[in-house]
Visitor: 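Can you read through this structure? Questions will come right after.
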Amino acid sequence: MDTKFIEQKNTLRCKKGQQFIMEGAPVNGLFFIKSGTVKVFRTGINGREQIVRFAKEGEIIGHRGFGTEEYYSIGAIALQDSILCYFSKENLQKELLNNPRFTYDMMLFYANELNRSENKVKSISQMTVRERVIDTLLYIHRKFGDLRGYINLPLSRKEYADYAGTTEEQVIRVFSALKKEKLISAQGKKISIISIQLLKKEINDHNYFLDS
């Protein structure tokens, strides 16, 4: 990649809880996460927040609107103190026109994103609430790993619900059942998975590892 293009990046430091993409704002570039964790969301029916995904170091934010839409269809908030690299839409378009390899890599990236998104929608439509909550737990665990025995991304019950497409009350019920079955343990926001294999077994029919 052209070093001149790399030098054109801007660095943005976000504090925990800071929103750096406003849903509905004009698309003006892409964000690459240099460090930290980010929540990507959109507003659903009746103004309810729907979490699209969680992103970490090395991932791109804001790419779905780039080149096709005038406004961001998502919002993004830093879940931890984060450092982001920002490339303007104009500079990216120039690089795509001048660098066939970069354009090809971006095309493969978008194709993979579309395939994963379509498969996820199909799978979720066939899942029970319990299966969606389990799928969310496993997704967060495999993406962020463990820290001292707990999933290395503490989330509220509401955030689990907003990703799983259910209610906070339903998440609390499912967590309570999983604790009684000794499949997970919890201390506030900190969740520990006791038996990954048994949880995976419950959603095997829905293609585990669907969303990386």
Side-chain angles (χ1 to χ4, degrees), residues 12-23 31 33-59 61 74-84 116 120 123-124 127-204 206 208-212:
L12 177 66
R13 296 177 184 274
C14 291
K15 291 291 186 182
K16 179 180 178 181
Q18 183 178 341
Q19 184 166 352
F20 61 92
I21 294 181
M22 302 297 292
E23 189 175 6
F31 295 87
I33 303 175
K34 188 173 182 182
S35 66
T37 307
V38 169
K39 174 175 70 175
V40 182
F41 65 93
R42 61 164 53 98
T43 304
I45 298 171
N46 298 323
R48 178 176 169 176
E49 184 178 290
Q50 176 191 0
I51 296 177
V52 177
R53 67 190 175 104
F54 297 94
K56 62 179 182 178
E57 179 181 335
E59 295 190 52
I61 303 293
I74 52 90
I77 293 174
L79 290 176
Q80 304 167 335
D81 290 352
S82 302
I83 300 175
L84 310 168
R116 276 180 21 196
K120 183 181 175 185
S123 183
I124 283 179
M127 283 182 173
T128 64
V129 170
R130 178 182 167 104
E131 287 171 337
R132 293 204 302 271
V133 173
I134 288 173
D135 181 68
T136 300
L137 276 169
L138 291 172
Y139 158 66
I140 299 298
H141 179 264
R142 68 179 173 267
K143 183 155 191 170
F144 296 97
D146 278 324
L147 179 64
R148 292 188 284 276
Y150 293 96
I151 295 176
N152 191 19
L153 182 65
L155 297 172
S156 68
R157 303 299 188 261
K158 183 179 183 302
E159 285 170 323
Y160 275 104
D162 290 342
Y163 184 81
T166 187
T167 65
E168 188 174 354
E169 292 74 19
Q170 291 277 30
V171 168
I172 291 169
R173 285 194 200 103
V174 172
F175 278 9
S176 178
L178 294 176
K179 283 190 280 187
K180 285 178 182 177
E181 296 165 34
K182 293 185 168 39
L183 295 173
I184 69 169
S185 64
Q187 283 190 350
K189 286 187 176 183
K190 296 194 293 185
I191 304 291
S192 176
I193 297 179
I194 297 169
S195 179
I196 291 176
Q197 292 307 316
L198 287 177
L199 290 182
K200 284 168 62 176
K201 189 175 180 181
E202 286 206 37
I203 61 169
N204 270 344
H206 301 288
Y208 178 70
F209 285 125
L210 184 65
D211 193 357
S212 59

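Everything quoted here is computed from the prediction, not taken from an experiment. All values below were derived from every heavy atom in this structure, side-chain atoms included, with hydrogens, water molecules and symmetry-related copies excluded.
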Visitor: How about Glu23 and Thr43: does a side-chain donor come under 3.5 Å of a side-chain acceptor?
Guide: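 Indeed, the side chains of Glu23 and Thr43 share at least one donor-acceptor pair under 3.5 Å.
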
Visitor: Roughly how far, to the nearest 0.5 Å, is the NE2 atom of His141 from the CD1 atom of Ile191?
Guide: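 The NE2 atom of His141 is 12.0 Å from CD1 of Ile191, to the nearest 0.5 Å.
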
Visitor: Quick one: closest heavy-atom pair of Ala186 and Arg157, and the distance?
Guide: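 Looks like CB-NH2, 4.0 Å.
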
Visitor: Between Lys189 and Glu159, does any NZ, NE, NH1 or NH2 come within less than 4.0 Å of an OD or OE carboxylate oxygen?
Guide: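 No.
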
Visitor: To the nearest 0.5 Å, tell me how far Ile140 CD1 sits from Asp135 CG.
Guide: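 With rounding to 0.5 Å, CD1 (Ile140) is 10.0 Å from CG (Asp135).
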
Visitor: If we count only N and O atoms by modelled type, under 3.5 Å, do the side chains of Ser35 and Glu57 hold a donor and an acceptor together?
Guide: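 No, Glu57 and Ser35 have no side-chain donor paired with an acceptor closer than 3.5 Å.
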
Visitor: Rounded to the nearest 0.5 Å, what separation is found between the CG atom of Leu12 and the CZ atom of Phe20?
Guide: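 Answer for the CG-CZ pair, Leu12 versus Phe20, is 7.5 Å.
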
Visitor: Decide yes or no on ring pair (Phe, Tyr, Trp, His ring centres under 6.0 Å) for Phe175 and Tyr160, but give the supporting numbers first.
Guide: CA-CA 11 Å; Phe175 278 9; Tyr160 275 104; 5.2 Å; yes

Visitor: Kindly check if the number of other-residue, nucleotide or ligand heavy atoms within 6.0 Å of NZ (Lys34) is above 12?
Guide: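 12 or below, so no.
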
Visitor: Which heavy atom of Glu131 sits nearest to which heavy atom of Ile203, and what is that distance?
Guide: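 Looking at all heavy atoms of both residues, the closest pair is O-CG2, 3.7 Å.
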
Visitor: Would a distance-only check, ignoring hydrogens and angles, find a side-chain to backbone donor-acceptor pair under 3.5 Å from Ser195 to Leu183?
Guide: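 No, because the side chain of Ser195 does not come within donor-acceptor range (under 3.5 Å) of the backbone of Leu183.
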
Visitor: Given Leu199 and Leu178, is the side-chain contact (heavy atoms from CB on, under 4.5 Å) satisfied, shown in steps?
Guide: CA-CA 9 Å; Leu199 290 182; Leu178 294 176; 4.1 Å; yes

Visitor: Any side-chain heavy-atom pair from Leu79 and Leu153 closer than 4.5 angstrom?
Guide: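 Yes, at least one pair of side-chain atoms sits under 4.5 Å.
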
Visitor: Supply the atom-to-atom distance Leu84 CG to Cys14 SG, rounded to the nearest 0.5 angstrom.
Guide: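 Rounded to the nearest 0.5 Å, the CG-SG separation comes out at 4.5 Å.
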
Visitor: In terms of side-chain geometry, is the basic nitrogen of Lys143 or Glu59 positioned less than 4.0 Å from the acidic oxygen of its partner?
Guide: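 Judged by the 4.0 Å cut-off on N to carboxylate O distance, Lys143 and Glu59 do form a salt bridge.
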
Visitor: Working note: Val133 + Val171, criterion side-chain contact (heavy atoms from CB on, under 4.5 Å); need CA distance, chi angles, decisive distance, verdict.
Guide: CA-CA 7 Å; Val133 173; Val171 168; 4.1 Å; yes

Visitor: Do Tyr163 and Arg132 pass the side-chain contact (heavy atoms from CB on, under 4.5 Å) test, and can you show the C-alpha distance, the side-chain angles, and the key distance before you say yes or no?
Guide: CA-CA 9 Å; Tyr163 184 81; Arg132 293 204 302 271; over 6 Å; no

Visitor: Is there a salt bridge (Lys or Arg N to Asp or Glu O under 4.0 Å) between Glu49 and Lys39? Walk through the geometry before answering.
Guide: CA-CA 11 Å; Glu49 184 178 290; Lys39 174 175 70 175; 3.3 Å; yes

Visitor: Between Thr37 and Ser82, which heavy-atom pair has the shortest distance, and what is it?
Guide: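 Thr37 and Ser82 have their closest heavy atoms at N-OG, 3.4 Å.
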
Visitor: If you compare all heavy atoms of Gly36 against all heavy atoms of Ile33, which two are closest, and at what distance to 0.1 Å?
Guide: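 So the two residues come closest at O-CG2, 3.8 Å.
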
Visitor: Using every non-hydrogen atom in the two residues, find where Lys16 and Asp81 come nearest and quote the distance to one decimal.
Guide: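 So the minimum-distance heavy-atom pair works out to N-OD1, 2.9 Å.
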
Visitor: How long is the straight-line distance from CD1 of Ile61 back to CZ of Arg53, given to the nearest 0.5 Å?
Guide: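 Separation between the atoms: 4.0 Å.
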
Visitor: Rounded to the nearest 0.5 Å, what separates atom CG in Asp146 from atom CZ in Arg148?
Guide: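 The CZ atom of Arg148 is 11.5 Å from CG of Asp146, to the nearest 0.5 Å.
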
Visitor: Angle between ring planes, Phe54 versus Tyr139, binned at 30° and 60°: parallel, tilted or perpendicular?
Guide: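 Tilted, since the angle between the ring planes falls between 30° and 60°.
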
Visitor: Is the backbone of Ile21 close enough, under 3.5 Å, to the side chain of Gln19 for a donor and an acceptor to pair up by distance?
Guide: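 Present.
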
Visitor: Between Arg130 and Glu202, is the closest basic N to carboxylate O distance under 4.0 Å?
Guide: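 Yes, Glu202 and Arg130 are salt-bridged.
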
Visitor: Kindly determine whether Phe41 and Gln50 satisfy side-chain contact (heavy atoms from CB on, under 4.5 Å), including the steps that lead there.
Guide: CA-CA 5 Å; Phe41 65 93; Gln50 176 191 0; over 6 Å; no

